[in-house]
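One structure is given below, encoded as structure tokens.
Nothing fancy with the numbering, it's 1 onward along the sequence.
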Amino acid sequence: MKRRFLALAAAAALLLGGCAAQAEPAGKLRRYEASFLTLFDTVTTIVGYAQSEEEFRRTAQDLHDGLLEYHQLFDIYHDYDGIVNLKTVNDRAGGDPVEVERRIIDLLLFCRELEELTGGRVDVSMGSVLALWHDARSEGVDDPEHAALPGDGALEEAAEHTGFRLLEIDEQASTVRLTDPLARLDVGAVAKGYAVEQVCRSAPAGLLVSVGGNVRATGPKPEGDAPWVVGVQEPDGGKQDYLHTLYIERQSVVSSGDYQRYFTVDGVRYHHIIDPDTLRPGGLWRAVTVVCADSGLADGLSTALFLLPREEGEELALRCGAQAMWVALDGELSYTGGFLELVRT
């Protein structure tokens with residue numbers, strides 16, 4: 001689930017860990033922001049207030065280092081020296097149980113609950129199917145003239161190797177095992193939001209953190225308790241084109257949409273959000289935005305609501321204490337009642 005949100009408060013972020021103070025100090029505090037390109041294959045931006053650049057830089061670096069640990073643990077594509085991660089679990093599918101860090105156990109337990117909560121719409125055991133779409137998209141982007149869809153037969157065969165029944169989690173032994181050698185985990189619908197939530201829970205109050213658009217505020221701005229302002233991107237617009245701007249204080253904002261990662265075959269655009277029922281990209285909505293306290297839950301819900309009809313999605317959102325906005329295929333907007341209370345413009 002990759003997101004393209006732009007936090008308005010972080011619109012001018014520097015790259016590679018640079019920090020910048022705003023020209024106008026806020027009392028004894030000044031506003032700083034830092035950006036990194038080393039986490040979850042996207043841009044991470046941290047915005048906050050501090051008495052000095054050095055103080056803010058330490059805070060930003062601590063957040064970066066915490067997120068980096070989760071990035072490496074949850075990575076399904078790369079190995080890291082001395083780290084047993086989800087790629088290790090996938091590589092050893094069908095073999096012996098793999099001893100992993102408790103943080104991987106906790107993520108997978110959360111994912112299992114999310115799969116049950118969403119009626120299977122968010123299922124991290126779909127890795128064998130998602131890998132076919134990932135490869136097709138990568139090849140289609142690199143060589144558009146020869147872009148092609150995964151074959152129906154290949155998708156159906158891959159779907160035979162999915163399901164949480166294939167994942168054994170032993171909390172006491174801290175081990176994980178995929179019982180099917182062709183099964184694969186793919187936590188892309190959850191990992192960023194979950195990692196952001198875990199790190200932000202112990203972060204100082206009054207920060208705004210955006211990891212590829214998974215936005216989490218750890219409290220209002222410290223000067224005047226003012227809320228942060230976050231923009232919700234218009235699907236067919238540029239990075240500065242917003243459907244709404246929202247006020248948030250201790251909440252997360254996450255969106256899923258058909259405009260974020262896609263490739264084109266015979267003039268038809270195919271995005272990355274795959275419906276487990278059809279094994280094809282969902283076609284109900286252009287985008288869905290979710291606001292709730294927990295960034296991991298918001299990340300998963302944005303995918304689930306993108307794949308669910310309106311009434312089912314609203315019932316799920318409200319049951320989880322979340323607010324949501326839907327962008328229909330014709331561009332019409334609809335909302336849960338509480339969402340409009342967050343709208344600034």
Side-chain angles (χ1 to χ4, degrees), residues 1 38-41 44 61-118 120-131 134 158 160-203 209 211 214 216 252 276 293-301 303-304 320:
M1 240 176 324
T38 53
L39 303 168
F40 294 98
D41 301 318
T44 294
Q61 190 65 51
D62 287 345
L63 282 166
H64 167 274
D65 294 348
L67 288 167
L68 180 61
E69 292 181 9
Y70 282 102
H71 165 81
Q72 293 177 343
L73 285 172
F74 297 166
D75 198 336
I76 64 170
Y77 298 110
H78 303 97
D79 296 303
Y80 302 93
D81 290 341
I83 294 177
V84 176
N85 62 8
L86 288 179
K87 181 178 184 298
T88 312
V89 175
N90 282 343
D91 289 345
R92 298 183 187 175
D96 294 333
V98 180
E99 186 173 354
V100 297
E101 278 202 30
R102 180 67 203 194
R103 285 179 287 182
I104 289 181
I105 297 286
D106 288 341
L107 169 70
L108 295 178
L109 291 174
F110 175 78
C111 290
R112 187 166 65 187
E113 293 177 1
L114 198 58
E115 191 271 344
E116 295 174 356
L117 180 69
T118 64
R121 292 303 190 280
V122 180
D123 186 350
V124 301
S125 75
M126 288 280 295
S128 56
V129 171
L130 298 180
H134 176 274
E160 294 297 320
H161 307 284
T162 66
F164 265 88
R165 70 188 187 284
L166 305 177
L167 178 63
E168 295 180 347
I169 301 173
D170 187 330
E171 293 187 66
Q172 185 172 1
S174 195
T175 61
V176 175
R177 177 176 179 253
L178 286 168
T179 60
D180 184 337
L182 297 181
R184 295 293 182 270
L185 297 173
D186 185 327
V187 296
V190 182
K192 274 195 306 177
Y194 182 89
V196 168
E197 180 63 27
Q198 302 313 303
V199 171
C200 283
R201 286 180 179 179
S202 59
V209 180
V211 181
N214 287 262
R216 171 70 150 82
S252 299
D294 186 301
S295 181
L297 180 59
D299 207 358
L301 285 178
T303 291
C320 295

Any side-chain heavy-atom pair of Leu130 and His134 under 4.5 Å: no
Closest non-hydrogen atom pair, Glu171 against Ile105: CG-CG2, 4.0 Å
Min side-chain heavy-atom separation Arg184-Ile76 under 4.5 Å: no
Sidechain-backbone polar pair: Asn90 side chain, Leu185 backbone, donor-acceptor under 3.5 Å: yes
Val98 backbone acceptor or donor facing Thr175 side chain under 3.5 Å: no
Pairs satisfying salt bridge (Lys or Arg N to Asp or Glu O under 4.0 Å), at least one member in residues 106-115, at least two apart: Arg102-Asp106
Asn85 side chain to His78 backbone, donor-acceptor under 3.5 Å: yes
Which atom of Ser252 lies closest to which atom of Ala293, heavy atoms considered: OG-O, 3.6 Å
Tyr80 and His71 aromatic ring geometry - parallel, tilted or perpendicular at 30°/60° bounds: perpendicular
Which residues share a ring pair (Phe, Tyr, Trp, His ring centres under 6.0 Å) with His161, sequence neighbours left out: none
Set of side chain to side chain donor-acceptor pair (under 3.5 Å) partners for Ser125, sequence neighbours left out: Asp123
Salt bridge (Lys or Arg N to Asp or Glu O under 4.0 Å) partners of residues 69-90, not counting sequence neighbours, each pair once: Glu69-Arg103, Asp79-Lys87, Lys87-Asp91
Over all atoms of both residues, closest heavy-atom pair of Phe74 and Leu86: O-CD1, 3.7 Å
Non-hydrogen atoms of Phe40 and Ala195 that approach each other most closely: CZ-CB, 3.6 Å
Distance-minimising heavy-atom pair for Leu301 and Cys320: CD1-CB, 3.8 Å
Contacts of Arg216 that satisfy side chain to side chain donor-acceptor pair (under 3.5 Å) - sequence neighbours left out: Glu197
SB check Asp294 Arg201 (cutoff 4.0 Å): yes
Donor-acceptor pair between Thr38 and His64 side chains, under 3.5 angstrom: yes
Closest contact, heavy atoms only, Gly127 versus Asp186: CA-CB, 3.8 Å
Side chain Ser128, main chain Ala158, donor-acceptor under 3.5 Å: yes
Candidates Val84, Thr88, Asp170, Val100 - the one meeting side chain to side chain contact (heavy atoms under 4.5 Å, CB included) with Val176: Val100
Asp96, CG: over 12 other non-hydrogen atoms inside 6.0 angstrom: no
Results of salt bridge (charged side-chain N to carboxylate O under 4.0 Å, His left out) for Glu160 - residues two or more places apart only: none
Close side-chain approach of Cys111 to Tyr194, heavy-atom, < 4.5 Å: no
Residue from Val124, Thr303, Asp299, Leu297 passing side chain to side chain contact (heavy atoms under 4.5 Å, CB included) with Leu114: Leu297
Check: Arg92 side chain, Arg177 main-chain N or O, donor-acceptor pair, under 3.5 Å: no
